[in-house]
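To start, the structure itself, in C-alpha coordinates.
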Amino acid sequence: MAMESKEFRKDKFKDFSDWYNTIIYAADLVDNRYNVQGFIVHKPWSMRIFKKLYAHFERELELDGHQPSLFPTVIPEENFEIEKEHAQGFVPEVFWITERGGEKLKRKLALRPTSETAMYQMYSLWVRDYTDLPIKMYQSCTVFRNESETSPFFRGREFLWIEAHDVFSTEKEARKQIVSDMQISQKVLVEKLGLPCIIFQRPKWDTFPGADNTYATDVMIPDGKTLQIASTHYLGQNFAKGFNVKFKDKDNNELHAYQTCYGPGIWRIMAAMIAVHGDERGLVFPPEVAPLDVVIVPIIKAGIEHKHIIKKCNSIAKKLKKLGYSVEVDMREKTPGFKYADWELKGVPIRMELGEKEVSEKKLTLASRDTRTRKQIAEKDLKKELAAELKEMTKRLKEKGAQYLETRIKDAESLEDIKRILDNREGYARVNLHSMDADGKECADIIQFETKGGKVRGTIVGKNEEPFGNGKCVICGKPAKHVVYVARQY
(Lines give C-alpha, C1' and ligand atoms only; values in the text may rest on other atoms or scores of the structure.)
Protein backbone atom coordinates (compact mmCIF):
# COMPACT_ATOMS: atom_id res chain seq x y z
CA MET A 1 0.00 0.00 0.00
CA ALA A 2 1.27 3.47 -0.86
CA MET A 3 2.32 5.87 1.88
CA GLU A 4 1.48 9.48 2.61
CA SER A 5 4.32 11.75 1.48
CA LYS A 6 5.44 12.51 5.04
CA GLU A 7 5.91 8.79 5.79
CA PHE A 8 8.68 8.04 3.29
CA ARG A 9 11.70 10.18 4.05
CA LYS A 10 14.74 7.93 4.14
CA ASP A 11 18.33 8.64 3.17
CA LYS A 12 19.92 5.79 1.20
CA PHE A 13 23.43 7.00 2.01
CA LYS A 14 22.86 6.87 5.78
CA ASP A 15 21.27 3.43 5.97
CA PHE A 16 21.02 1.83 2.55
CA SER A 17 19.68 -1.50 3.76
CA ASP A 18 16.78 0.12 5.61
CA TRP A 19 16.06 2.45 2.68
CA TYR A 20 16.13 -0.38 0.15
CA ASN A 21 14.10 -2.89 2.16
CA THR A 22 11.47 -0.27 2.87
CA ILE A 23 11.15 0.98 -0.67
CA ILE A 24 10.79 -2.33 -2.53
CA TYR A 25 7.76 -3.27 -0.44
CA ALA A 26 6.27 0.21 -0.07
CA ALA A 27 6.34 0.63 -3.86
CA ASP A 28 4.67 -2.78 -4.28
CA LEU A 29 7.45 -4.38 -6.35
CA VAL A 30 7.56 -7.73 -4.56
CA ASP A 31 5.96 -9.83 -1.85
CA ASN A 32 8.27 -12.09 0.15
CA ARG A 33 5.54 -13.94 2.04
CA TYR A 34 5.55 -16.92 -0.34
CA ASN A 35 6.07 -19.97 1.88
CA VAL A 36 9.38 -21.16 0.42
CA GLN A 37 12.34 -19.20 1.78
CA GLY A 38 14.37 -17.28 -0.79
CA PHE A 39 11.63 -17.33 -3.44
CA ILE A 40 9.57 -14.17 -3.94
CA VAL A 41 6.47 -13.07 -5.82
CA HIS A 42 7.12 -10.47 -8.52
CA LYS A 43 4.17 -8.09 -8.54
CA PRO A 44 2.79 -6.25 -11.60
CA TRP A 45 4.72 -3.02 -11.02
CA SER A 46 8.08 -4.82 -11.17
CA MET A 47 7.06 -7.21 -13.97
CA ARG A 48 6.20 -4.28 -16.24
CA ILE A 49 9.77 -3.10 -15.80
CA PHE A 50 11.25 -6.55 -16.32
CA LYS A 51 9.33 -6.97 -19.59
CA LYS A 52 10.82 -3.73 -20.87
CA LEU A 53 14.32 -4.68 -19.72
CA TYR A 54 14.02 -7.99 -21.54
CA ALA A 55 12.77 -6.22 -24.67
CA HIS A 56 15.77 -3.84 -24.79
CA PHE A 57 18.32 -6.63 -24.49
CA GLU A 58 16.45 -8.97 -26.83
CA ARG A 59 16.30 -6.27 -29.47
CA GLU A 60 20.03 -5.57 -29.24
CA LEU A 61 20.91 -9.27 -29.26
CA GLU A 62 18.79 -9.91 -32.34
CA LEU A 63 20.29 -6.90 -34.12
CA ASP A 64 23.64 -8.54 -33.35
CA GLY A 65 22.50 -11.73 -35.10
CA HIS A 66 21.29 -13.78 -32.14
CA GLN A 67 18.23 -16.01 -32.38
CA PRO A 68 15.79 -16.65 -29.51
CA SER A 69 15.57 -20.13 -28.02
CA LEU A 70 14.41 -21.94 -24.90
CA PHE A 71 16.18 -24.98 -23.49
CA PRO A 72 14.89 -27.31 -20.76
CA THR A 73 14.93 -26.16 -17.16
CA VAL A 74 16.37 -29.49 -16.00
CA ILE A 75 19.93 -30.65 -16.67
CA PRO A 76 21.08 -34.26 -16.05
CA GLU A 77 23.88 -34.71 -13.53
CA GLU A 78 26.24 -36.24 -16.08
CA ASN A 79 26.26 -33.01 -18.10
CA PHE A 80 27.91 -31.25 -15.16
CA GLU A 81 30.58 -33.93 -14.99
CA ILE A 82 31.76 -33.27 -18.55
CA GLU A 83 33.36 -29.89 -17.79
CA LYS A 84 34.87 -30.44 -14.33
CA GLU A 85 35.98 -26.85 -13.64
CA HIS A 86 32.52 -25.55 -14.48
CA ALA A 87 30.83 -28.19 -12.35
CA GLN A 88 32.99 -27.40 -9.32
CA GLY A 89 31.96 -23.75 -9.62
CA PHE A 90 28.21 -24.42 -9.60
CA VAL A 91 27.43 -27.76 -7.95
CA PRO A 92 27.35 -26.28 -4.39
CA GLU A 93 24.52 -23.96 -5.52
CA VAL A 94 22.47 -26.52 -7.47
CA PHE A 95 18.92 -27.60 -6.61
CA TRP A 96 18.56 -31.30 -7.42
CA ILE A 97 15.42 -33.21 -8.41
CA THR A 98 15.71 -36.76 -7.07
CA GLU A 99 12.12 -38.07 -7.18
CA ARG A 100 9.25 -38.26 -9.63
CA GLY A 101 5.84 -38.99 -8.16
CA GLY A 102 7.42 -40.64 -5.12
CA GLU A 103 9.70 -42.83 -7.25
CA LYS A 104 13.48 -42.35 -6.93
CA LEU A 105 15.07 -41.19 -10.17
CA LYS A 106 17.94 -43.27 -11.54
CA ARG A 107 19.88 -40.06 -12.23
CA LYS A 108 19.60 -36.70 -10.54
CA LEU A 109 18.33 -33.69 -12.48
CA ALA A 110 19.47 -30.15 -11.74
CA LEU A 111 17.36 -27.02 -11.98
CA ARG A 112 19.55 -24.93 -14.26
CA PRO A 113 21.95 -22.60 -12.43
CA THR A 114 23.16 -21.54 -15.91
CA SER A 115 22.82 -23.36 -19.22
CA GLU A 116 26.24 -24.10 -20.72
CA THR A 117 25.93 -27.79 -19.90
CA ALA A 118 22.41 -27.96 -21.32
CA MET A 119 22.96 -26.02 -24.53
CA TYR A 120 26.38 -27.28 -25.56
CA GLN A 121 25.27 -30.90 -25.57
CA MET A 122 22.76 -29.89 -28.26
CA TYR A 123 25.30 -27.76 -30.10
CA SER A 124 27.46 -30.86 -30.49
CA LEU A 125 24.55 -32.49 -32.38
CA TRP A 126 23.91 -29.47 -34.59
CA VAL A 127 27.45 -28.61 -35.68
CA ARG A 128 28.95 -30.74 -38.44
CA ASP A 129 30.92 -28.47 -40.75
CA TYR A 130 31.90 -24.81 -41.11
CA THR A 131 28.61 -23.97 -42.84
CA ASP A 132 26.77 -24.62 -39.55
CA LEU A 133 28.66 -21.79 -37.88
CA PRO A 134 28.33 -19.39 -36.27
CA ILE A 135 25.61 -20.35 -33.84
CA LYS A 136 24.34 -17.35 -31.87
CA MET A 137 21.42 -18.09 -29.55
CA TYR A 138 19.95 -16.56 -26.42
CA GLN A 139 17.22 -17.44 -23.97
CA SER A 140 15.26 -15.23 -21.58
CA CYS A 141 14.49 -17.33 -18.55
CA THR A 142 14.78 -17.94 -14.83
CA VAL A 143 17.66 -19.77 -13.18
CA PHE A 144 17.97 -21.40 -9.77
CA ARG A 145 20.79 -21.17 -7.24
CA ASN A 146 20.77 -22.22 -3.61
CA GLU A 147 22.07 -18.93 -2.25
CA SER A 148 22.69 -18.97 1.50
CA GLU A 149 21.62 -15.33 1.91
CA THR A 150 18.93 -13.72 -0.22
CA SER A 151 17.74 -10.17 -0.90
CA PRO A 152 15.21 -9.28 -3.62
CA PHE A 153 16.96 -8.42 -6.90
CA PHE A 154 20.44 -8.71 -5.35
CA ARG A 155 20.56 -12.43 -4.61
CA GLY A 156 17.80 -15.00 -4.85
CA ARG A 157 17.16 -18.67 -5.33
CA GLU A 158 15.14 -18.09 -8.48
CA PHE A 159 15.89 -15.04 -10.57
CA LEU A 160 15.44 -13.56 -14.02
CA TRP A 161 18.16 -13.22 -16.61
CA ILE A 162 19.20 -13.60 -20.23
CA GLU A 163 21.99 -15.85 -21.44
CA ALA A 164 23.50 -15.85 -24.91
CA HIS A 165 25.70 -18.75 -26.03
CA ASP A 166 27.71 -18.52 -29.24
CA VAL A 167 29.88 -20.86 -31.31
CA PHE A 168 32.47 -19.81 -33.90
CA SER A 169 35.01 -21.43 -36.17
CA THR A 170 37.87 -19.07 -35.21
CA GLU A 171 39.23 -17.40 -32.11
CA LYS A 172 39.14 -14.05 -33.92
CA GLU A 173 35.36 -14.27 -34.40
CA ALA A 174 34.85 -15.27 -30.77
CA ARG A 175 37.00 -12.39 -29.50
CA LYS A 176 35.04 -10.01 -31.72
CA GLN A 177 31.81 -11.25 -30.12
CA ILE A 178 33.15 -10.38 -26.67
CA VAL A 179 33.52 -6.78 -27.84
CA SER A 180 29.97 -6.82 -29.24
CA ASP A 181 28.62 -8.13 -25.94
CA MET A 182 30.27 -5.30 -24.03
CA GLN A 183 28.88 -2.79 -26.53
CA ILE A 184 25.37 -4.15 -25.93
CA SER A 185 25.86 -3.71 -22.18
CA GLN A 186 27.05 -0.15 -22.70
CA LYS A 187 24.16 0.72 -25.02
CA VAL A 188 21.41 -0.58 -22.73
CA LEU A 189 22.83 -0.08 -19.25
CA VAL A 190 24.50 3.29 -19.70
CA GLU A 191 22.81 4.98 -22.66
CA LYS A 192 19.23 3.86 -21.97
CA LEU A 193 19.19 3.28 -18.21
CA GLY A 194 21.75 5.88 -17.13
CA LEU A 195 23.61 3.42 -14.89
CA PRO A 196 27.21 4.35 -13.99
CA CYS A 197 28.94 1.13 -15.04
CA ILE A 198 32.53 -0.03 -15.13
CA ILE A 199 33.47 -3.04 -17.27
CA PHE A 200 36.36 -4.91 -15.65
CA GLN A 201 38.53 -7.68 -16.99
CA ARG A 202 38.50 -10.04 -14.05
CA PRO A 203 41.85 -11.42 -12.79
CA LYS A 204 42.79 -14.90 -13.91
CA TRP A 205 41.85 -16.45 -10.56
CA ASP A 206 38.35 -14.95 -10.71
CA THR A 207 37.15 -15.98 -14.16
CA PHE A 208 33.85 -17.74 -14.81
CA PRO A 209 34.26 -21.51 -14.19
CA GLY A 210 35.59 -23.03 -17.43
CA ALA A 211 36.37 -19.70 -19.13
CA ASP A 212 39.72 -18.33 -20.31
CA ASN A 213 38.70 -14.69 -19.74
CA THR A 214 35.83 -12.92 -17.99
CA TYR A 215 34.68 -9.32 -18.55
CA ALA A 216 32.16 -8.14 -15.99
CA THR A 217 30.04 -5.01 -15.62
CA ASP A 218 29.87 -3.60 -12.09
CA VAL A 219 27.81 -0.84 -10.49
CA MET A 220 28.74 0.84 -7.20
CA ILE A 221 25.85 0.74 -4.71
CA PRO A 222 25.36 3.62 -2.20
CA ASP A 223 26.53 1.46 0.73
CA GLY A 224 29.99 1.20 -0.81
CA LYS A 225 29.61 -2.35 -2.16
CA THR A 226 29.79 -3.22 -5.83
CA LEU A 227 27.25 -5.28 -7.76
CA GLN A 228 27.99 -7.28 -10.91
CA ILE A 229 25.05 -6.84 -13.30
CA ALA A 230 26.35 -8.37 -16.55
CA SER A 231 29.27 -10.46 -17.78
CA THR A 232 30.69 -11.92 -20.96
CA HIS A 233 33.12 -14.81 -21.11
CA TYR A 234 35.63 -16.04 -23.66
CA LEU A 235 35.41 -19.81 -23.26
CA GLY A 236 38.05 -20.67 -25.86
CA GLN A 237 37.77 -24.37 -26.76
CA ASN A 238 37.30 -25.60 -23.19
CA PHE A 239 33.63 -26.51 -23.44
CA ALA A 240 33.92 -27.48 -27.11
CA LYS A 241 36.44 -30.15 -26.18
CA GLY A 242 34.34 -31.33 -23.25
CA PHE A 243 31.08 -31.49 -25.19
CA ASN A 244 32.64 -32.51 -28.52
CA VAL A 245 31.53 -29.43 -30.43
CA LYS A 246 33.57 -29.99 -33.60
CA PHE A 247 33.31 -28.98 -37.25
CA LYS A 248 35.02 -29.77 -40.55
CA ASP A 249 36.65 -26.82 -42.27
CA LYS A 250 36.89 -26.22 -46.03
CA ASP A 251 39.84 -28.60 -46.23
CA ASN A 252 37.89 -31.31 -44.37
CA ASN A 253 39.98 -30.94 -41.21
CA GLU A 254 38.05 -31.67 -38.03
CA LEU A 255 38.49 -28.86 -35.50
CA HIS A 256 37.07 -27.85 -32.15
CA ALA A 257 34.96 -24.69 -32.16
CA TYR A 258 35.50 -21.50 -30.13
CA GLN A 259 32.77 -20.31 -27.78
CA THR A 260 31.52 -17.31 -25.81
CA CYS A 261 28.67 -16.71 -23.40
CA TYR A 262 27.04 -13.48 -22.27
CA GLY A 263 24.68 -12.88 -19.36
CA PRO A 264 22.87 -9.62 -18.59
CA GLY A 265 21.58 -10.09 -15.04
CA ILE A 266 18.03 -8.78 -15.47
CA TRP A 267 17.26 -9.15 -11.76
CA ARG A 268 20.39 -7.36 -10.61
CA ILE A 269 19.89 -4.58 -13.13
CA MET A 270 16.63 -3.83 -11.32
CA ALA A 271 18.53 -3.66 -8.02
CA ALA A 272 21.07 -1.28 -9.56
CA MET A 273 18.39 1.05 -10.95
CA ILE A 274 16.59 1.19 -7.62
CA ALA A 275 19.80 1.80 -5.69
CA VAL A 276 21.46 4.36 -7.97
CA HIS A 277 18.53 6.44 -9.17
CA GLY A 278 16.20 6.27 -6.15
CA ASP A 279 16.05 9.11 -3.63
CA GLU A 280 14.57 10.04 -0.26
CA ARG A 281 11.05 10.10 -1.75
CA GLY A 282 11.19 6.72 -3.45
CA LEU A 283 11.97 5.16 -6.80
CA VAL A 284 13.17 6.99 -9.90
CA PHE A 285 12.85 4.85 -13.01
CA PRO A 286 14.47 5.74 -16.35
CA PRO A 287 11.81 6.54 -18.99
CA GLU A 288 12.99 3.63 -21.16
CA VAL A 289 11.73 1.05 -18.63
CA ALA A 290 9.29 2.85 -16.33
CA PRO A 291 6.01 0.94 -15.79
CA LEU A 292 4.08 4.11 -16.67
CA ASP A 293 5.33 7.07 -18.68
CA VAL A 294 2.73 9.54 -17.43
CA VAL A 295 0.22 9.69 -14.62
CA ILE A 296 -2.53 12.30 -14.91
CA VAL A 297 -3.85 13.71 -11.63
CA PRO A 298 -7.16 15.62 -11.86
CA ILE A 299 -7.21 18.61 -9.51
CA ILE A 300 -10.79 18.75 -8.25
CA LYS A 301 -12.01 21.24 -5.69
CA ALA A 302 -14.91 20.44 -3.40
CA GLY A 303 -18.26 21.86 -4.43
CA ILE A 304 -17.18 22.68 -8.01
CA GLU A 305 -18.45 20.86 -11.10
CA HIS A 306 -15.62 18.70 -12.37
CA LYS A 307 -16.99 16.54 -15.19
CA HIS A 308 -15.24 18.67 -17.80
CA ILE A 309 -11.91 18.22 -15.97
CA ILE A 310 -12.29 14.43 -15.96
CA LYS A 311 -13.29 14.52 -19.61
CA LYS A 312 -10.18 16.53 -20.49
CA CYS A 313 -7.95 14.13 -18.50
CA ASN A 314 -9.34 11.14 -20.38
CA SER A 315 -9.02 12.96 -23.69
CA ILE A 316 -5.33 13.74 -23.02
CA ALA A 317 -4.72 10.14 -21.92
CA LYS A 318 -6.28 8.82 -25.12
CA LYS A 319 -4.07 11.07 -27.26
CA LEU A 320 -0.93 9.99 -25.43
CA LYS A 321 -1.79 6.31 -25.74
CA LYS A 322 -2.17 6.76 -29.51
CA LEU A 323 1.35 8.22 -29.49
CA GLY A 324 2.61 5.04 -27.80
CA TYR A 325 2.87 6.23 -24.20
CA SER A 326 1.63 4.27 -21.20
CA VAL A 327 -0.72 6.52 -19.22
CA GLU A 328 -3.02 6.32 -16.23
CA VAL A 329 -5.61 8.80 -14.97
CA ASP A 330 -5.63 8.62 -11.17
CA MET A 331 -9.30 8.64 -10.21
CA ARG A 332 -8.83 7.41 -6.64
CA GLU A 333 -10.73 9.23 -3.91
CA LYS A 334 -7.52 10.58 -2.38
CA THR A 335 -6.10 14.07 -2.01
CA PRO A 336 -3.76 15.39 -4.73
CA GLY A 337 -0.94 15.43 -2.13
CA PHE A 338 -1.41 11.75 -1.41
CA LYS A 339 -1.39 10.95 -5.11
CA TYR A 340 1.74 13.01 -5.75
CA ALA A 341 3.61 11.20 -2.98
CA ASP A 342 2.37 7.79 -4.10
CA TRP A 343 3.48 8.21 -7.71
CA GLU A 344 6.80 9.70 -6.63
CA LEU A 345 7.32 6.64 -4.44
CA LYS A 346 6.65 4.39 -7.44
CA GLY A 347 9.00 6.29 -9.74
CA VAL A 348 6.73 7.39 -12.61
CA PRO A 349 8.76 9.81 -14.81
CA ILE A 350 6.09 12.42 -15.52
CA ARG A 351 3.14 13.59 -13.45
CA MET A 352 0.58 15.75 -15.21
CA GLU A 353 -1.69 17.98 -13.12
CA LEU A 354 -4.91 19.15 -14.69
CA GLY A 355 -7.43 21.37 -12.93
CA GLU A 356 -9.91 24.15 -13.64
CA LYS A 357 -7.15 26.66 -14.43
CA GLU A 358 -5.39 24.36 -16.91
CA VAL A 359 -8.64 23.46 -18.70
CA SER A 360 -9.75 27.09 -19.08
CA GLU A 361 -6.32 28.27 -20.27
CA LYS A 362 -5.66 25.17 -22.43
CA LYS A 363 -2.48 24.47 -20.52
CA LEU A 364 -1.01 21.49 -18.71
CA THR A 365 1.27 21.29 -15.69
CA LEU A 366 4.08 18.71 -15.92
CA ALA A 367 6.24 17.56 -13.01
CA SER A 368 9.44 15.57 -13.62
CA ARG A 369 10.17 12.82 -11.11
CA ASP A 370 13.97 13.15 -11.03
CA THR A 371 14.16 16.90 -10.45
CA ARG A 372 10.68 17.36 -8.92
CA THR A 373 10.33 20.56 -10.93
CA ARG A 374 6.99 21.66 -12.37
CA LYS A 375 6.33 23.65 -15.51
CA GLN A 376 3.30 24.74 -17.48
CA ILE A 377 3.05 24.06 -21.19
CA ALA A 378 0.47 24.81 -23.85
CA GLU A 379 -1.77 21.82 -24.49
CA LYS A 380 -1.02 22.04 -28.21
CA ASP A 381 2.73 21.53 -27.47
CA LEU A 382 2.25 18.39 -25.39
CA LYS A 383 3.65 15.93 -27.94
CA LYS A 384 6.85 17.91 -28.44
CA GLU A 385 7.32 18.91 -24.80
CA LEU A 386 6.74 15.43 -23.40
CA ALA A 387 9.17 13.76 -25.80
CA ALA A 388 11.80 16.39 -25.03
CA GLU A 389 11.38 16.10 -21.26
CA LEU A 390 11.66 12.31 -21.26
CA LYS A 391 14.79 12.54 -23.40
CA GLU A 392 16.27 15.14 -21.07
CA MET A 393 15.44 12.98 -18.06
CA THR A 394 17.43 10.07 -19.49
CA LYS A 395 20.32 12.44 -20.15
CA ARG A 396 20.15 13.85 -16.61
CA LEU A 397 20.14 10.40 -15.03
CA LYS A 398 23.16 9.38 -17.10
CA GLU A 399 25.08 12.55 -16.20
CA LYS A 400 24.18 12.29 -12.53
CA GLY A 401 25.25 8.65 -12.53
CA ALA A 402 28.60 9.46 -14.12
CA GLN A 403 29.24 12.19 -11.53
CA TYR A 404 28.26 9.78 -8.75
CA LEU A 405 30.74 7.17 -9.99
CA GLU A 406 33.55 9.70 -10.26
CA THR A 407 33.22 10.45 -6.53
CA ARG A 408 33.29 6.75 -5.64
CA ILE A 409 36.85 5.99 -6.81
CA LYS A 410 39.71 6.67 -4.39
CA ASP A 411 43.44 6.05 -4.82
CA ALA A 412 45.02 3.75 -2.23
CA GLU A 413 48.79 3.36 -1.81
CA SER A 414 48.76 1.10 1.23
CA LEU A 415 46.70 -1.65 2.82
CA GLU A 416 45.58 0.85 5.45
CA ASP A 417 44.30 3.14 2.70
CA ILE A 418 42.24 0.29 1.25
CA LYS A 419 40.79 -0.56 4.67
CA ARG A 420 39.84 3.06 5.30
CA ILE A 421 38.14 3.47 1.92
CA LEU A 422 36.12 0.26 2.28
CA ASP A 423 35.27 0.76 5.95
CA ASN A 424 34.05 4.29 5.25
CA ARG A 425 31.93 2.95 2.34
CA GLU A 426 33.61 5.37 -0.05
CA GLY A 427 33.52 3.00 -3.05
CA TYR A 428 36.35 1.51 -5.09
CA ALA A 429 39.93 1.57 -3.84
CA ARG A 430 42.19 2.07 -6.87
CA VAL A 431 45.49 0.28 -6.27
CA ASN A 432 48.65 -1.00 -7.93
CA LEU A 433 49.01 -4.79 -8.31
CA HIS A 434 52.01 -6.64 -9.66
CA SER A 435 50.04 -9.27 -11.62
CA MET A 436 46.55 -10.24 -12.79
CA ASP A 437 47.74 -13.80 -13.50
CA ALA A 438 47.93 -16.66 -10.98
CA ASP A 439 51.05 -15.25 -9.29
CA GLY A 440 49.03 -12.18 -8.22
CA LYS A 441 46.44 -14.21 -6.34
CA GLU A 442 48.42 -14.30 -3.09
CA CYS A 443 48.43 -10.49 -2.89
CA ALA A 444 44.72 -10.39 -3.76
CA ASP A 445 43.98 -12.95 -1.03
CA ILE A 446 45.84 -10.82 1.52
CA ILE A 447 43.77 -7.79 0.50
CA GLN A 448 40.55 -9.77 0.79
CA PHE A 449 41.44 -11.21 4.20
CA GLU A 450 42.80 -8.02 5.74
CA THR A 451 39.91 -5.86 4.49
CA LYS A 452 37.22 -8.40 5.43
CA GLY A 453 35.94 -9.02 1.93
CA GLY A 454 37.54 -6.48 -0.37
CA LYS A 455 37.99 -8.25 -3.71
CA VAL A 456 40.15 -7.30 -6.66
CA ARG A 457 37.57 -6.58 -9.35
CA GLY A 458 40.14 -6.28 -12.15
CA THR A 459 41.36 -3.71 -14.65
CA ILE A 460 39.06 -1.36 -16.56
CA VAL A 461 38.49 -2.59 -20.12
CA GLY A 462 39.76 -0.13 -22.72
CA LYS A 463 41.61 2.03 -20.20
CA ASN A 464 45.33 1.37 -20.06
CA GLU A 465 46.14 2.86 -16.69
CA GLU A 466 49.77 3.23 -15.70
CA PRO A 467 50.73 2.37 -12.09
CA PHE A 468 50.69 5.52 -9.97
CA GLY A 469 52.57 6.78 -6.90
CA ASN A 470 55.65 4.66 -6.27
CA GLY A 471 54.60 2.25 -9.02
CA LYS A 472 54.85 -0.77 -6.72
CA CYS A 473 52.35 -3.48 -5.78
CA VAL A 474 50.35 -2.33 -2.76
CA ILE A 475 51.04 -5.64 -0.97
CA CYS A 476 54.34 -7.24 -2.01
CA GLY A 477 56.22 -4.17 -3.24
CA LYS A 478 57.14 -5.70 -6.60
CA PRO A 479 56.99 -3.44 -9.66
CA ALA A 480 53.30 -3.12 -10.53
CA LYS A 481 52.01 -4.06 -13.98
CA HIS A 482 48.38 -3.15 -13.40
CA VAL A 483 46.05 -0.65 -11.78
CA VAL A 484 43.14 -2.61 -10.31
CA TYR A 485 40.00 -1.76 -8.35
CA VAL A 486 39.09 -3.27 -4.99
CA ALA A 487 35.63 -3.34 -3.41
CA ARG A 488 33.41 -5.42 -1.20
CA GLN A 489 30.68 -7.08 -3.24
CA TYR A 490 27.14 -8.34 -3.16
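Keep in mind the model is a prediction, meaning the values are calculated, not measured.
For the side-chain contact (heavy atoms from CB on, under 4.5 Å) with Trp343, the qualifying choice from Val348, Ile350, Val294 is Val348, the only one to do so. Put simply, the residue from Arg374, Glu358, Lys375 that forms a side-chain hydrogen bond (donor to acceptor under 3.5 Å, both in side chains) with Thr365 is Glu358. The side-chain contact (heavy atoms from CB on, under 4.5 Å) test with His165 singles out one residue from Met137, Glu116, Gln139, His233, and that residue is Glu116.
Within a 6.0 Å sphere centred on NZ of Lys334, other residues, nucleotides and ligands contribute 12 heavy atoms or fewer. Around NZ of Lys187, the count of heavy atoms belonging to other residues, nucleotides or ligands within 6.0 Å does not exceed 12. Summarising the local packing, OH of Tyr34 is surrounded by 12 or fewer heavy atoms from other residues, nucleotides or ligands at distances under 6.0 Å. The local environment of CG in Asn424 is crowded, with over 12 non-hydrogen atoms from other residues, nucleotides or ligands closer than 6.0 Å. Around CZ of Arg59, the count of heavy atoms belonging to other residues, nucleotides or ligands within 6.0 Å does not exceed 12.
In this structure, Lys346 forms a cation-pi arrangement with Trp45, its terminal cationic atom sitting closer than 6.0 Å to the ring centre and no more than 45° off the ring axis. A cation-pi arrangement is not found for Arg369 relative to Phe285, the charged atom failing to lie both closer than 6.0 Å to the ring centre and inside a 45° cone about the ring normal. A cation-pi arrangement is absent between Arg268 and Phe154 under the rule of less than 6.0 angstrom and at most 45 degrees off the ring axis. Figure legend: cation-pi geometry between Arg145 and Trp161, with NZ or CZ positioned under 6.0 Å from the six-membered ring centre and within 45° of its axis.
Atoms CD and CG, from Glu280 and Asp11 in turn, are 7.5 Å apart once rounded to the nearest 0.5 Å. Between the CD1 atom in Ile266 and the OG1 atom in Thr142 there is a gap of 12.5 Å [rounded to 0.5 Å]. Of the inter-residue distances, the one linking Ile184 atom CD1 with Asp64 atom CG reads 4.5 Å to the nearest 0.5 angstrom.
Using a distance-only test at 3.5 Å, with no hydrogens or angles considered, a donor-acceptor pair links the side chain of Asp417 to the main chain of Glu413. The backbone N or O of Val276 sits less than 3.5 Å from a side-chain atom of Lys12, completing a donor-acceptor pair. Formation of a donor-acceptor pair under 3.5 Å by the Arg155 side chain with backbone atoms of Glu149 is not found in this model. Arg157 places a side-chain N or O within donor-acceptor distance of the main-chain N or O of Glu147, the cut-off being under 3.5 Å. Proximity of a side-chain donor or acceptor of His277 to a complementary backbone N or O of Leu193 within less than 3.5 Å is detected. Of the possible polar contacts, none joining the Arg457 side chain to the Thr226 backbone as a donor-acceptor pair under 3.5 Å is found.
With a 4.5 Å cut-off on side-chain heavy atoms, Cys197 and Ile229 count as touching. The shortest distance between side-chain heavy atoms of Cys141 and Glu163 falls below 4.5 Å. Within the 4.5 Å cutoff, side-chain heavy atoms of Met393 are placed close to those of Ser368. Annotation: side chain of Ile274 is in contact with side chain of Leu29 (closest heavy-atom distance under 4.5 Å). Side-chain contact between Val456 and Asp206 is absent, with no heavy atoms from C-beta onward closer than 4.5 Å. Proximity of Ile460 to Ile199: side-chain heavy atoms (C-beta onward) are nowhere separated by under 4.5 Å. By the 4.5 Å heavy-atom criterion applied to side chains, Lys312 and Glu379 are counted as neighbours. Residues Asp423 and Lys452 fail the side-chain proximity criterion, which asks for heavy atoms closer than 4.5 Å.
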List the steps and the verdict of ring-ring contact (aromatic ring centres under 6.0 Å, His included) for Tyr138 and Tyr262. CA-CA 9 Å; Tyr138 76 89; Tyr262 171 51; over 10 Å; no
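In summary, the side chains of Asp166 and His66 do present a donor paired with an acceptor at a separation below 3.5 Å, with no hydrogens or angles considered. Side-chain contact check for Tyr25 and Asn32: at least one donor-acceptor pair (N or O, by modelled atom type) lies under 3.5 Å.
Taking a cutoff of 4.0 Å between a charged side-chain nitrogen and a carboxylate oxygen, Asp279 and Lys400 do not qualify as a salt bridge.
For Phe208 and Phe90, the ring centers sit closer than 6.0 Å to each other. Close placement of the Phe200 and Tyr485 rings is indicated, their centers lying within 6.0 Å of each other.
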